[in-house]
Amino acid sequence: MPIFSATATFASYTSISFLSASQSQSHLSPFLNFPHKFTVKTPWQWQHHHYHTHKLLISASGNTQIDQNLESGLLQRPTPPDPQDDARLARRSSDWKAAKAYKDSGLIYNGRVEGYNSGGLRVRFYSILGFLPFPELSPVHTCKEPEKPIQEIARGLVGSVISAKVILADEDNKRLIFSEKEGAWSKFSKQINVGDIFEGKVGYVEDYGAFVHLRFPDGLYHLTGLIHISEVSWDLVQDVRDILKVGDQVRAKVVGIDGVKSRLTLSIKQLEEDPLLETLDKVIPQDGSADLDSLSGGEGDSIEPLPGLETILEELQQEDGIYDVRISRQGFEKRVVSQDLQLWLSNAPPTNQRFTLLARAGRQVQEIHLTTSLDQEGIKKALQRVLERVP
């Protein structure tokens, strides 16, 4: 009688391998006298093809016994996969594709806020739950209820529908990020132009400038712009916080719109009279009072020009229509406009072929007289050409 072993997989296949007596002649008798062991593998998760191993004992008489460790479900039919699971997976994959399409197209999505945490809002996107960080909220919420902390504002938004753009759709890492600011930009940036003047509220202040929320005709604050430190005032500003504080109401002029980066540049000082066009008497009164601590007269040859000014004066004399350039007087101002050299034009037209410039650096100021046949606009263009040539 041949010696044999068997391996069987229920509901799948059975394979039996035989060992002839000649292959193990010396061990033939023991195998005829004792039970033989069989290994049986059964699937426990049909779709993953994982198996449990159990043992069958077959005696020489042919009787079969199942090992006592055999599970009760050994001979049960495996559970087939749930079609609904496949449908959910297919839908989720389709929704990720839709999210990426929203990001690529720049379309605005109206999603329901389902909750919030310490960092932002949870927004429903079909079968996917996305995230909107607090810094990406439109200023309309914080300006409407400035006394409330952001967590209370977030609690009040739960259940509402919010208009936002998808700015990140990463299916591999399961990251879906929204921005309400970007959504507001798409809608309201078309309503503004360079030169427009807005009422605004200071939202936050940095070392380099202040961010101001702009109020639109509907009374709400939809967009935010930056007032750079250089655009806060004509005076020299060392610290923006000395001039502007969070919550301050200001008037600002739109001086730049960057549609690619969704940025607005604002200015406060450009709503004031341009110092390059103000009359010289407002800066240096003829009676020597007000803005100057001291004023000295004399010939230009006795006054040392401010650093960098001498080269500019020499170049001005090379321009057609300008016959003479000289420093007439100098003094010190109470206010500092800039530490760098600046040239200011008088808004008074030339009189008897005489025109006045003002050179300022720090608190020092020097009055310059031009003898010229040019009008005010011609002098301005000549000065621009000179400044382009002088490094």
Side-chain angles (χ1 to χ4, degrees), residues 98-113 119-121 123 125 130-146 150 153-154 156-157 160-169 175-232 240 244 246-272:
K100 188 176 185 304
Y102 266 93
K103 176 185 177 299
D104 294 341
S105 65
L107 293 175
I108 296 176
Y109 175 76
N110 296 316
R112 184 174 298 278
V113 179
L121 306 177
V123 179
F125 184 88
F131 187 68
L132 196 155
F134 286 141
E136 293 299 327
L137 276 174
S138 164
V140 67
H141 307 294
T142 54
C143 290
K144 189 176 182 180
E145 300 176 300
I150 192 64
I153 293 175
L157 291 174
S160 65
V161 175
I162 201 164
S163 298
K165 272 190 175 182
V166 176
I167 59 176
L168 178 64
R175 296 186 64 199
L176 179 61
I177 308 298
F178 294 96
S179 172
E180 189 186 24
K181 278 185 178 180
E182 291 293 328
W185 174 269
S186 295
K187 182 176 180 180
F188 293 98
S189 63
K190 301 173 184 177
Q191 302 178 21
I192 59 177
N193 299 287
V194 172
D196 289 348
I197 298 173
F198 282 86
E199 298 291 331
K201 181 183 294 185
V202 178
Y204 46 102
V205 181
E206 302 290 350
D207 293 338
Y208 52 85
F211 288 88
V212 174
H213 306 315
L214 302 183
R215 188 173 67 186
F216 280 70
D218 61 3
L220 300 178
Y221 299 82
H222 296 290
L223 299 180
T224 302
L226 171 66
I227 301 178
H228 191 266
I229 186 172
S230 63
E231 293 294 327
V232 172
V240 183
L244 298 173
V246 174
D248 285 352
Q249 295 285 345
V250 299
R251 292 179 73 245
K253 181 180 179 180
V254 178
V255 296
I257 302 174
D258 188 338
V260 176
K261 297 182 179 180
S262 303
R263 292 178 182 174
L264 291 177
T265 306
L266 309 174
S267 175
I268 291 178
K269 80 176 187 181
Q270 292 192 30
L271 294 178
E272 303 172 359

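The structure displayed is predicted, hence computed values, not measured ones.
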[X] side, atom [atom1]; [Y] side, atom [atom2] - distance, nearest 0.5 Å:
| X | Y | atom1 | atom2 | value |
| --- | --- | --- | --- | --- |
| Thr265 | His228 | OG1 | NE2 | 9.5 Å |
| Ile150 | His141 | CD1 | NE2 | 8.5 Å |
| Phe131 | Leu168 | CZ | CG | 12.5 Å |
| Asp218 | Phe188 | CG | CZ | 6.0 Å |

Check [X] against [Y] and note the closest heavy-atom contact, atom names and distance.
| X | Y | result |
| --- | --- | --- |
| Val194 | Ile257 | N-CD1, 3.9 Å |
| Val202 | Ala210 | CG1-CB, 4.4 Å |
| Ser138 | Tyr221 | OG-O, 4.0 Å |
| Ala164 | Leu132 | CB-CD1, 4.0 Å |
| Val240 | Asp207 | CG2-O, 3.8 Å |
| Ala98 | Phe125 | C-CZ, 3.9 Å |

Next on the checklist: Going by side-chain contact (heavy atoms from CB on, under 4.5 Å), Pro139 matches just one of Glu180, His213, Lys201, Lys144. Which one?
Outcome noted: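 That would be His213.
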Item to check | Donor-acceptor side-chain pairing of Gln191 and His222 below 3.5 angstrom | outcome: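 Short answer, no.
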Next on the checklist: Using side-chain hydrogen bond (donor to acceptor under 3.5 Å, both in side chains), reason through Glu231 and Gln270 one step at a time and then give a plain yes or no.
Outcome noted: CA-CA 7 Å; Glu231 293 294 327; Gln270 292 192 30; 3.2 Å; yes
Checklist entry - Quick one: which of Ser262, Ser179, Ser186 gives a side-chain hydrogen bond (donor to acceptor under 3.5 Å, both in side chains) with Lys165? => result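 Filter result, single survivor: Ser186.
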Item to check | Exam field: side chain Lys103 to backbone Ile177, donor-acceptor pair closer than 3.5 Å | outcome: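 Absent.
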Checklist entry - Are the side chain of Lys269 and the backbone N or O of Ser230 linked by a donor-acceptor pair below 3.5 Å? => result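 Judged by distance alone, yes, a pair lies under 3.5 Å.
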Are [X] and [Y] side-chain neighbours, meaning at least one heavy-atom pair lies under 4.5 Å?
| X | Y | result |
| --- | --- | --- |
| Leu244 | Ile268 | yes |
| Ile167 | Phe178 | no |
| Leu264 | Trp185 | yes |
| Phe198 | Ile192 | yes |

Next on the checklist: Let's go through Phe211 and Leu226 carefully: what are the C-alpha distance in whole Å and the side-chain angles of both, what is the deciding distance for side chain to side chain contact (heavy atoms under 4.5 Å, CB included) to 0.1 Å, and is it a yes or a no?
Outcome noted: CA-CA 5 Å; Phe211 288 88; Leu226 171 66; 3.9 Å; yes
Next on the checklist: Does Val255 form a side chain to side chain contact (heavy atoms under 4.5 Å, CB included) with Leu266? I'd like the steps, not just the answer.
Outcome noted: CA-CA 5 Å; Val255 296; Leu266 309 174; 5.7 Å; no
Next on the checklist: As a quick check of understanding, evaluate side chain to side chain contact (heavy atoms under 4.5 Å, CB included) for Ile197 and Arg251, giving each step before the final call.
Outcome noted: CA-CA 7 Å; Ile197 298 173; Arg251 292 179 73 245; 3.5 Å; yes
Checklist entry - Would Ile162 and Leu137 count as a side chain to side chain contact (heavy atoms under 4.5 Å, CB included) if you check the C-alpha gap in whole Å, the side-chain angles of each, and the deciding distance to 0.1 Å? => result CA-CA 10 Å; Ile162 201 164; Leu137 276 174; 4.0 Å; yes
